Amino acid sequence: MTAIRLALSLGIATAALVVPASAAAGDIDRGRYLVNSVMACGNCHTAKDSEARPIRSRHLAGGGVVWDVPPFAGMAPNITPDRDTGIGRWSDEEIRRALTQGERPAHRGLAGVPLGAPMPVNLYKALTRADQDAIVAYLRSVPAVRNPVAAATRRAPVKRALYPDAERAYGAADLQDPVRRGAYLAALAHCMECHTPSSPQGSLYGTAMGLGGKAFAPPAITGFPEWWKGTVSRNITPHPEFGIGRWSDAEVKRAIREGVSRDGRRLSPPMPFESYAEMTEADLDALVAWLRSLPPRP
Ligand code: HEC
Ligand code: HEC
């Protein structure tokens with residue numbers, strides 16, 4: 001605003017200051033932090049190297065994880081700004097609707113077909129408007145990579161269970177409270193999507209949130225290196241015996257950020273600790289405070 005007034009007073013044509021709405025609206029640094037760290041989009045949308053680390057030159061270009069589960073067979077698409085194989089032609093509103101509603105624009109060629117179950121839009125409903133804009137701004141700033149990704153096969157209608165901490169977008173006041181902020185970060189980081197067992201109707205958030213026991217293994221999930229034979233998520237409720245109740249805050253944070261369990265064991269994919277590594281100390285503290293507020297479940 002001040003820049004525009006200054007420009008006017010200097011007699012500079014304001015047209016020169018009209019940057020595309022997409023670039024002006026969102027905070028790119030905040031978007032980079034959310035996409036690459038907290039939300040770990042690349043865990044699904046970026047191809048991996050032989051160490052299961054995302055390949056930089058393929059950042060967000062699709063084909064990271066491949067699912068072959070009863071409702072869905074295929075992989076995460078290219079979400080770089082490439083106009084033909086990515087989301088370069090999508091409007092800001094179309095990207096926001098995909099993220100928070102799971103809707104695809106008509107010009108995508110799959111009009112009316114909701115995004116497949118692996119894309120955690122039920123949790124992304126929590127996103128504040130400012131964070132949606134930040135994500136859009138950052139996605140527009142990454143290098144466009146040409147990489148056509150074959151459309152997925154949908155074998156059944158998409159079913160997503162309502163996530164109790166993401167029934168609506170959060171507001172600024174929510175984010176002031178440490179535990180609410182932790183709940184917000186956990187929704188965005190989709191911790192409970194992996195750490196909650198599911199039925200054909202979706203994850204059992206109401207009765208088994210954080211209980212772990214969800215299996216990830218080929219052939220249902222591939223796209224990881226040969227050495228990866230699969231794993232099972234753990235109980236991360238505050239249960240003293242079966243969960244993280246006796247872990248110190250530092251031990252929980254080390255697991256999230258460094259992928260090391262309490263006993264020193266290395267955690268394996270798909271736990272996205274490589275992304276979470278960049279999370280700020282304050283955000284990790286909020287996340288741990290929220291985890292400790294959950295009902296302990298054996
Ligand atoms: C757990 C895996 C997973 C995560 C995490 C994930 N996505 Fe997705 N995403 C998918 C899958 C799978 C699809 C495709 C679904 C389909 O084809 O129906 C998808 C689709 C999309 C689409 C629609 C693209 C198109 O061409 O139709 C966009 C946009 C998108 N994701 C953006 C994001 C962003 C931004 C993030 C992080 C904030 C993210 N996704 C995190 C798995 C994921
Ligand atoms: C894409 C799936 C996925 C996501 C997202 C995910 N995890 Fe995990 N997590 C796993 C799996 C699988 C394991 C077990 C890995 C192993 O044992 O090799 C694990 C392990 C852990 C452990 C170690 C538990 C133990 O007993 O060793 C903790 C703590 C943990 N996750 C917390 C979190 C938190 C907090 C979040 C969100 C910030 C999160 N996870 C997000 C899949 C996931």
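In listed order, ligands and their atoms are each counted from 1. Computed from a predicted model, the values in this text were never measured in an experiment. What you see below is based on every heavy atom in this structure, not just the backbone, and it leaves out hydrogens, waters and symmetry mates.
Ion pairing between a basic and an acidic side chain is recognised when a charged N comes within 4.0 Å of a carboxylate O; Arg30 and Asp133 show no such pairing. With salt bridges taken as basic N to acidic carboxylate O contacts below 4.0 Å, one links Asp68 and Arg155. Between Arg181 and Asp177, none of the side-chain N atoms (NZ, or NE/NH1/NH2) sits under 4.0 Å from a carboxylate O, so this pair counts as no salt bridge.
For a distance threshold of 2.8 Å, the protein N, O or S atoms nearer than that to atom 8 (Fe) of ligand 1, listed by chain and number, are His45 NE2, Met119 SD.
Within the coordination shell of atom 8 (Fe) of ligand 2, defined by N, O or S atoms under 2.8 Å, Ser233 is absent. Not a single N, O or S atom of Cys191, from either the backbone or the side chain, sits less than 2.8 Å from atom 8 (Fe) of ligand 2.
Those atoms of ligand 2 with a heavy atom of His190 less than 4.0 angstrom away are 5 (C). Counting the atoms of ligand 2 from 1 in the order shown, those under 4.0 Å from a heavy atom of Leu287 are 38 (C). Below 4.0 Å from some heavy atom of Trp67 lie the following atoms of ligand 1, by number and element: 2 (C), 12 (C). Residue contact check: Met39 has heavy atoms under 4.0 Å from atoms 38 (C) of ligand 1. The Ile256 neighbourhood of ligand 2 comprises atoms 35 (C), with distances under 4.0 Å to a heavy atom of that residue. Annotation for ligand 2: atoms under 4.0 Å from non-hydrogen atoms of Ser268 are 15 (C), 16 (C), 18 (O). Interface atoms of ligand 1 facing Arg154, defined by a heavy-atom separation under 4.0 Å, are 16 (C), 17 (O), 18 (O). Shown in contact with Arg108 at under 4.0 Å from a heavy atom are these atoms of ligand 1, numbered in order with element: 25 (C), 26 (O), 27 (O). Those atoms of ligand 1 that come under 4.0 Å of a heavy atom in Phe72, given as number and element, are 12 (C), 15 (C), 16 (C), 17 (O), 18 (O). Near Ala255, meaning under 4.0 Å from any of its heavy atoms, are these atoms of ligand 2: 29 (C).
Looking from atom 41 (C) of ligand 1 to the surrounding protein, the closest heavy atom is Tyr124 OH, 3.3 Å. For atom 28 (C) of ligand 2, the closest non-hydrogen atom on the protein side is Ile236 CG2, 3.7 Å. Among all non-hydrogen protein atoms, the one lying nearest atom 22 (C) of ligand 2 is Leu267 CD1, 3.9 Å. Of the protein's non-hydrogen atoms, Thr231 CG2, 3.6 Å is the one closest to atom 12 (C) of ligand 2. Counting protein heavy atoms only, atom 24 (C) of ligand 2 is closest to Arg234 CG, 3.4 Å. When only non-hydrogen protein atoms are considered, atom 6 (C) of ligand 2 lies nearest to Met271 SD, 3.5 Å. For atom 15 (C) of ligand 1, the closest non-hydrogen atom on the protein side is Gly116 N, 3.3 Å.
By the 4.0 Å heavy-atom criterion, Trp247 is counted among the residues contacting ligand 2. Residue Val232 places a heavy atom less than 4.0 Å from ligand 2. Residue contacts with ligand 2 include Pro272, since one or more of its heavy atoms lies under 4.0 Å from the ligand. Not a single heavy atom of Val252 sits less than 4.0 Å from an atom of ligand 2. Residue contact annotation: Glu193 has no non-hydrogen atom under 4.0 Å from ligand 1.
Checking Pro118, Ser203, Ser198, Ser233 one by one against Glu193, the side-chain contact (heavy atoms from CB on, under 4.5 Å) holds for a single residue, Ser203. Of the options Glu274, Glu281, Glu278, a side chain to side chain donor-acceptor pair (under 3.5 Å) to Arg257 is made by Glu281 and by none of the others. Only one option out of Gln132, Arg97, Arg140 pairs with Asp92 in a side chain to side chain donor-acceptor pair (under 3.5 Å); it is Arg140.
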Audit row: Asp27, Tyr33, side-chain hydrogen bond (donor to acceptor under 3.5 Å, both in side chains) steps and yes/no: CA-CA 10 Å; Asp27 174 344; Tyr33 175 65; over 6 Å; no
Derivation of the side-chain hydrogen bond (donor to acceptor under 3.5 Å, both in side chains) call for Thr80 and Asp82: CA-CA 6 Å; Thr80 73; Asp82 186 67; 5.8 Å; no
Derivation and outcome, side chain to side chain contact (heavy atoms under 4.5 Å, CB included), residues Leu284 and Ile256: CA-CA 8 Å; Leu284 278 172; Ile256 299 172; 3.8 Å; yes
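Although no hydrogens or angles enter the test, the distance criterion places a donor-acceptor pair under 3.5 Å between the side chain of Asn43 and the main chain of Pro270. Remark: the backbone N or O of Arg297 is paired with a side-chain donor or acceptor of Thr237 at under 3.5 angstrom. Side chain of Lys48 to backbone of Val65: no donor-acceptor contact under 3.5 angstrom is found.
More than 12 heavy atoms of other residues, nucleotides or ligands lie within 6.0 Å of CZ in Arg265, so this atom counts as buried by the packing criterion.
One option in His195, Lys253, Arg257, Met279 has a heavy atom closer to atom 30 (C) of ligand 2 than any other, and that option is His195. Across Ser261, Ser275, Ala189, Cys194, heavy-atom proximity to atom 4 (C) of ligand 2 is greatest for Cys194.
Side chains of Gln101 and Tyr124: no donor on one and acceptor on the other come within 3.5 Å. Between Thr85 and Asn78, the side chains place a donor N or O and an acceptor N or O closer than 3.5 Å (distance only, hydrogens not considered).
Rounded to the nearest 0.5 angstrom, Asp131 CG and Met39 CE are separated by 8.0 Å.
Residues that satisfy the salt bridge (Lys or Arg N to Asp or Glu O under 4.0 Å) test with Asp84, not counting sequence neighbours, are Arg89, Arg146.
Note: an N/O pair closer than 3.5 Å links Arg265 and ligand 2 by distance alone.
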